[in-house]
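Written out below as structure tokens is the structure these notes cover.
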Amino acid sequence: MSADNENVLIGVIGGSGLYHLDNLTLLKYVNPKTPWGLPSSPIAICALPSGTKVAFLARHGVGHSIPPSAVPSRANIAALKSLGIRAILAFSAVGSLREELAPGDFVMPDQIIDRTKGVRPASFFEGTTVVAHAAFGDPFAGKLIGWLEGRVRKVLEEASEEEYSTRGKKPQLHTGKTIVCMEGPQFSTRAESRMYRQWGGDIINMSVLPEAKLAREAELGYALIATVTDYDSWRENESAVTATEVIKTLHANAKLSRHIAATVLEELHEAAAQGDILTEEVGAMQFSIMPRSEQQKPEDRQKLSYILPAYFS
Ligand SMILES: CSC[C@H]1O[C@H](OP(=O)(O)O)[C@H](O)[C@@H]1O
Ligand SMILES: Nc1ncnc2[nH]cnc12
């Protein structure tokens, strides 16, 4: 970790439509070369008006050039961890599987259904001689979500008409929901969309995995702020989702997401510095790594020390 970055505790991952944040001064770009390659894009180290630093990473790269299945999530999470980050606030554009989750609304899910197809490297331990089984029953950082909930709700309640006028109604925040992560890049069929509803899915995207799993392996707090862009393809007599429909809502959602980030980041940095909101993640991997065996190669341990120096240095 470079001394320059020592105080960067919060990393923001921007998804579709969210390629920068507001109210920040760009200090520099960093592009850490991790054992898993380079991140999606150089990471912007920015200062809030108080001088507090945060890091911003565009998930789909500069100019949205990386499709969901090819996002280098291991490099992204490892690069953020190498900067000293403790918590990630990730944003994502999602489809709604429920009538009451309307386009323009915000959702902070607490569960995930994995519908990726095994083509994305999903573990830092993959390809090494070290075996680990991270606990993932609660895939998001519970305390972090609890901390964010009231603050995000307040921002939405206070949003001016101009900020949500493209949707014609005040955006709501929904919590305690389940997100389905599909492979893509094509959207779901109508039958799949209906099936996800039967499974208990509330929203759907193509990006939360393996990002959330890797954050857990790296012992980072991870919360997702999902913004609804469409009703996917389950509604009878309505047309199925298209990219054009998604893009219509994307920009207004991104504007409000930037407003949320600008409002919460300072206090979130403080909370992360105190350690109050991240008690579950730190140290969790010590119970997940299978006991050391003579078969573990020193070069693998060296590689893993990049994300988990406490166990592999
Ligand atoms: C642009 S529609 C599908 C695309 O949008 C979402 O991206 P992100 O999660 O990065 O905001 C979704 O996951 C798909 O990747
Ligand atoms: N309907 C949808 N399915 C998957 N990912 C999405 N991102 C935005 N809308 C989506």
Side-chain angles (χ1 to χ4, degrees), residues 11-21 39-41 56-73 76-77 88-99 101-109 112-117 119-120 139-140 167 177-197 199 201-215 222-235 238-258 260-261:
V12 176
I13 298 182
S16 299
L18 189 64
Y19 308 114
H20 69 274
L21 294 178
S40 295
S41 59
F56 178 82
L57 169 63
R59 181 184 288 124
H60 298 282
V62 176
H64 201 129
S65 51
I66 308 173
S69 304
V71 170
S73 294
N76 288 351
I77 299 297
I88 294 176
L89 191 53
F91 287 88
S92 171
V94 302
S96 167
L97 300 169
R98 303 283 160 197
E99 195 67 47
L101 309 183
D105 280 358
F106 283 63
V107 187
M108 289 176 50
I112 307 178
I113 295 174
D114 189 354
R115 278 279 296 170
T116 61
K117 301 281 172 69
V119 297
R120 310 173 183 197
F140 298 101
R167 314 172 185 101
K177 302 295 177 195
T178 296
I179 182 165
V180 177
C181 186
M182 59 173 295
E183 190 60 56
Q186 301 85 356
F187 291 113
S188 307
T189 63
R190 288 184 186 275
E192 286 165 340
S193 196
R194 287 194 295 263
M195 178 180 75
Y196 297 145
R197 280 164 52 80
W199 284 1
D202 298 303
I203 51 175
I204 182 163
N205 83 349
M206 305 177 191
S207 307
V208 70
L209 295 176
E211 208 170 83
K213 288 184 176 174
L214 295 165
Y222 180 92
L224 187 77
I225 301 188
T227 59
V228 178
T229 51
D230 56 87
Y231 274 116
D232 203 44
S233 304
W234 56 271
R235 281 166 127 201
E238 297 282 346
S239 48
V241 59
T242 62
T244 309
E245 187 192 352
V246 169
I247 289 164
K248 268 192 214 150
T249 324
L250 208 56
H251 296 295
N253 285 356
K255 194 169 162 205
L256 255 183
S257 299
R258 283 196 287 273
I260 288 170

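Order of listing sets the numbers, starting from 1, for every ligand and every atom in it. We use all heavy atoms of the structure for the numbers below, so side chains are in, but hydrogens, waters and symmetry mates are not.
- The NE2 atom of H251 sits 12.0 Å away from the OG atom of S257 when rounded to the nearest 0.5 Å.
- Atoms CZ and CG, from R235 and D230 in turn, are 10.5 Å apart once rounded to the nearest 0.5 Å.
- Taking Y19 as the reference, H64 meet the ring pair (Phe, Tyr, Trp, His ring centres under 6.0 Å) condition, with sequence neighbours excluded.
- Here the heavy atom of the protein found nearest to atom 6 (C) of ligand 1 is A93 O, 3.3 Å.
- Of all the atoms in ligand 1, the ones that sit under 4.0 Å from a non-hydrogen atom of S92 are 8 (P), 9 (O), 11 (O).
- Listed by number with element, the atoms of ligand 2 under 4.0 Å from a non-hydrogen atom of D230 are 1 (N), 2 (C), 8 (C), 9 (N), 10 (C).
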| task | Please lay out, stage by stage, how I204 and S188 fare under the test side-chain contact (heavy atoms from CB on, under 4.5 Å). | result | CA-CA 9 Å; I204 182 163; S188 307; 3.6 Å; yes
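- Ranking the protein heavy atoms by distance from atom 5 (O) of ligand 1 puts S16 OG, 3.0 Å first.
- With a 4.5 Å cut-off on side-chain heavy atoms, N76 and P39 count as touching.
- The distance from atom CZ of R258 to atom NZ of K255, rounded to the nearest 0.5 Å, is 8.5 Å.
- For the atom pair CD1 of I13 and CZ of F56, the computed distance is 9.5 Å after rounding to the nearest 0.5 Å.
- Applying the side-chain hydrogen bond (donor to acceptor under 3.5 Å, both in side chains) rule to R190 yields no partners; only residues at least two apart in sequence or on another chain are considered.
- Listed by number with element, the atoms of ligand 1 under 4.0 angstrom from any heavy atom of M206 are 12 (C), 13 (O), 14 (C), 15 (O).
- Of all atoms in ligand 2, listed by their number and element, those nearer than 4.0 Å to a heavy atom of D232 are 1 (N), 2 (C), 3 (N).
- Near N205, the atoms of ligand 1 lying under 4.0 angstrom from a non-hydrogen atom of the residue are 9 (O), 13 (O).
- Ranking protein heavy atoms by distance to atom 7 (N) of ligand 2, first place goes to A93 O, 3.0 Å.
- The shortest N or O to N or O distance between M182 and ligand 2 is not under 3.5 Å.
- Each of T227, I225, L89 was compared with I260 under the side chain to side chain contact (heavy atoms under 4.5 Å, CB included) criterion, and only I225 meets it.
- Residue, atom and distance of the protein heavy atom nearest to atom 10 (C) of ligand 2 are G95 N, 3.4 Å.
- Protein heavy atom at the shortest distance from atom 6 (C) of ligand 2 is I204 O, 3.7 Å.
- The contact set between ligand 1 and R59, taken as ligand atoms under 4.0 Å from a residue heavy atom, comprises 8 (P), 9 (O), 10 (O), 11 (O).
- Below 4.0 Å from some heavy atom of V246 lie the following atoms of ligand 1, by number and element: 1 (C), 2 (S).
- Residue P68 has no nitrogen or oxygen atom sitting less than 3.5 Å from a nitrogen or oxygen atom of ligand 1, judged on distance alone.
- Contact atoms of ligand 2 toward T229: 8 (C), 9 (N) (distance under 4.0 Å to a heavy atom of the residue).
- Distance from atom 10 (O) of ligand 1 to its nearest protein heavy atom, with residue and atom name: H60 NE2, 2.5 Å.
- Summary of contacts: the protein heavy atom closest to atom 5 (N) of ligand 2 is N205 CA, 3.4 Å.
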